[in-house]
Amino acid sequence: MTAAAGTDRSTGVIQPTFTGRHWWRDAVIYQVYVRSFLDSTGDGIGDLAGVRAGLPYLRKLGVDGIWLSPFYPSPQHDHGYDVAAYQDVDPLFGDLAEFDLLMSAARRLGIKVLLDIVPNHCSVEHHWFRDALAAAPGSPERARFHFAAGRGPDGAEPPNNWHAMFGGSAWTRVTEPDGTPGEWYLHMFTPEQPDWNWRNPEVPAEFEGVLRFWLDRGVDGFRIDVAAGLYKHPDLPDSDDPDVDARTRDSVNPLAWNQPEVHDVWRHWRTVCDEYAARDGRERLLVGEVSVPTAREHALYVRPDELHQAFFFDLLGAPWDADAFRKVISEAMEDIAGTGSTVTWVLNNHDQVRTVTRYGGPSTEGSGLGAARARAAALLMLALPGAAYIYQGEELGLPEVVDLPDDQITDPIFRRTGSRARIRDGCRVPLPWSGQASPFGFTSGAAGARPWLPQPDYFAEYATDRALADTRSFWHLYRDGLQLRAALPQLGEGVLRWLDRQPGVLAFERGDGLVCAVNFSTAPVPAPVSGTPLLSSGPCPAGVLPGSTAAWWLSDQ
Ligand code: GLC
């Protein structure tokens, strides 16, 4: 698909400046949270062989690729985002031979595979961090991390006032090898996740080796964890207001995130990916988890020689309101269009309350309203120009599990803050595949184990076997949307033109005559276009767009 150059704000037409065909520009990628997808060993935890077994299901759904959450050796303090070894598989999830089998199976089915790479921090069990603890202050081993002397009497106060993202100080004091209280090390997440010092050339060199290791094993690219992180202000000064309530999680402390040097890393990683693509013609993809305060800053990460994509989280953060959605969509498209990239849309991931519950309120099973809105939002997202990411279970309409007992919660945020407010276990409950009772086919439980998080009884209604058999299910909506997206030249990359609309309704035309409209209100409105109905998120009588519903038409005009 190609697009003409230019953005014309006066006509409301937004079109990218880039021309050319690159698979990732309008790809739909499915996020596999490995420990909750499918368990092949009966230990209650999903694994790589489970992912391989699930590939035909994903082929049927029609996604272009998968992103695998971290499966590397890890003590699992943050479910794998605390990496102890970057070039191996944790026995919990399989081994390198199983990874290779997964890669070949995905290749046979035409499914691309992205890995999750975690360059901002590692695990306290990484051998370089162990070396650092065993070495002296000022040693080369410590210089790979941020070690610093404390302040106050006997250095008993942290080196600065920064707060960790998951609660508490961003610093932890170590005991020196001789048993005395010693230096402090920086960790922007949990104390088990020490931050790398990217100003030390050994660190970028090490990560280049990691990239090449997995590229040599055939992966199609990487999702980059905390991609606005890595570099800290060189002086590690106090923050004026460490509690500043910024709009996005990762931009809380501007001294610790979004430093200019990080862009050099993405430029270098891009050259590595391009080198592989030049060798075999297969383009590799870098998609960053970039949480920065504005769409404009976000766009800097996807300049033509940096990341291919960066998740655009403002859609996910927008309240259920037509004006709010229009604003974030317009801003994203205007800012990204000039870079040559496409917008990367996201409604759900493993860190966020699932849409059914987010849009419907905190009822246990997700109210009917939440489900209707989540379905409408899905059709909206699949009609927007650019790429889209679907989080496992989203295609089943799974609600957030909001009533996990305290003693079953595993998210380190709960331990660190003592509050359930931001915990992420509710969207990570293992998928239901079949049957009437837990474990719903997720695990055989052969080893006597239950799913690592308890599945509620009502998951029976969402099991994949039921979803596939019921043409009114979320699954069929996503599958039909993906099929149309693949078949219709108007969808995917290209032009979006806003249409005049009634209050509470968002309507736009894609390419030549494909119209998508969403009714954010609860009352029906006249359909904004006359034409052939293609797909709707709920029952849609001729000439009407019911409340909390989205629809696609081919316009007669
Ligand atoms: C990212 C991940 C999240 C993880 C954090 C620390 O935000 O999405 O799950 O806890 O980074 O690695």
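Residue indices begin at 1 and follow the sequence shown. Everything numeric in this text was worked out from a predicted model, so none of it was measured. Each ligand, and each atom within it, is numbered from 1 in the order the structure gives.
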Who gets closest to atom 2 (C) of ligand 1 by heavy atom: V83, V226, D225? D225
Check this for me: R270, atom CZ, are more than 12 non-hydrogen atoms of other residues, nucleotides or ligands nearer than 6.0 Å? yes
Please confirm whether the ring centroid of H308 lies under 6.0 Å from the ring centroid of W23. no
Heavy-atom pairs closer than 4.0 Å: do any link ligand 1 to the side chain of R424, the backbone, both, or neither? side chain
Of the side chain and backbone of H77, name the one, both, or neither that has a heavy atom under 4.0 Å from an atom of ligand 1. neither
Is the W214 to F71 ring centre distance short of 6.0 Å? yes
Among W171, W196, F129, whose ring pair (Phe, Tyr, Trp, His ring centres under 6.0 Å) with Y185 holds? F129
By number and element, which atoms of ligand 1 are closer than 4.0 Å to a non-hydrogen atom of H121? 6 (C), 12 (O)
Counting from 1 in the order shown, the ligand 1 atoms closer than 4.0 Å to a non-hydrogen atom of F166 are 10 (O)
Tell me whether the count of non-hydrogen atoms from other residues, nucleotides or ligands lying under 6.0 Å of CG in D240 goes above 12. no
Can you tell me if Q309 and R25 form a side-chain donor-acceptor pair at under 3.5 Å? no
To the closest 0.5 Å, what do you measure between CZ (F442) and CH2 (W433)? 10.0 Å
Near R428, which atoms of ligand 1 are under 4.0 Å from a heavy atom of that residue? 9 (O)
Per-atom contacts, ligand 1 versus D351 - under 4.0 Å to a heavy atom: 2 (C), 3 (C), 7 (O), 8 (O), 9 (O)
Close approach, R223 and ligand 1, non-hydrogen under 4.0 angstrom: yes
Under a 4.0 Å heavy-atom limit, does M165 contact ligand 1 with its side chain, its backbone, both, or neither? neither
